[in-house]
Amino acid sequence: MSELTINPLDDPLAIAEAWRKAGRDVALATVVETWGSAPRPAGSHLVIDADGNFEGSVSGGCVEGAVIAEAVDVIGGGEPRILEFGVADETAWRVGLSCGGRIKVFVEKVD
């Protein structure tokens, strides 16, 4: 049986660390709670820089755009925040969370 090789730069937390060491301003978004049919489990991460570049996923792509926009605001001096998306939320439908579940995402600046 062959051993699985994992590239540390496939890990959003390692990417956040590398980006910070390179002098980039960075935010980290983490799924902190899910309910129902959620696209990604609690503990999933998305790392975002001030230019909107990102790695990882908090929703399989369906709300990443909204999370990235909030993260850029947090990087620019905003307070950390919890974002909520769900099928009953008009925003969720607009950004594509139609999977039937809800997610809470915590967004914070990485210092």
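Everything quoted here is computed from the prediction, not taken from an experiment.
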Shortest non-hydrogen separation from I48 to A71 and the atoms involved
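Taking I48 first and A71 second, the nearest heavy atoms are CD1-CB, 3.7 Å.
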Of the non-hydrogen atoms in S57 and S44, which two are nearest, and what is the gap between them?
O-CB, 3.5 Å
Just verifying a value: how many Å separate [X] [atom1] and [Y] [atom2], rounded to the nearest 0.5 Å?
X	Y	atom1	atom2	value
D49	I75	CG	CD1	6.5 Å
D25	D51	CG	CG	9.0 Å
I68	N53	CD1	CG	9.0 Å
F85	R102	CZ	CZ	14.0 Å

Is there side-chain contact between [X] and [Y], with at least one heavy-atom pair below 4.5 Å?
X	Y	result
V107	L83	yes
I103	S59	yes
V47	W19	yes
H45	L13	yes

Is E108 reaching over with its side chain to a backbone N or O of A29, donor-acceptor style, under 3.5 angstrom?
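Not at all, since once roles are kept as given, no pair shorter than 3.5 Å links the two residues.
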Using a 3.5 Å distance criterion without hydrogens, assess whether the side chain of R24 forms a donor-acceptor pair with backbone atoms of A50.
no
Cluster link V58 to F106, ILVMFWY, side chain under 4.5 Å
no
What pairs meet the salt bridge (charged side-chain N to carboxylate O under 4.0 Å, His left out) rule with one or both residues in residues 28-45, with sequence neighbours excluded?
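Of all non-adjacent pairs touching residues 28-45, those that pass salt bridge (charged side-chain N to carboxylate O under 4.0 Å, His left out) are E33-K104.
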Please list all pairs passing the side chain to side chain donor-acceptor pair (under 3.5 Å) test where one or both residues lie in residues 73-82, with sequence neighbours left out.
E70-R81, D73-R81
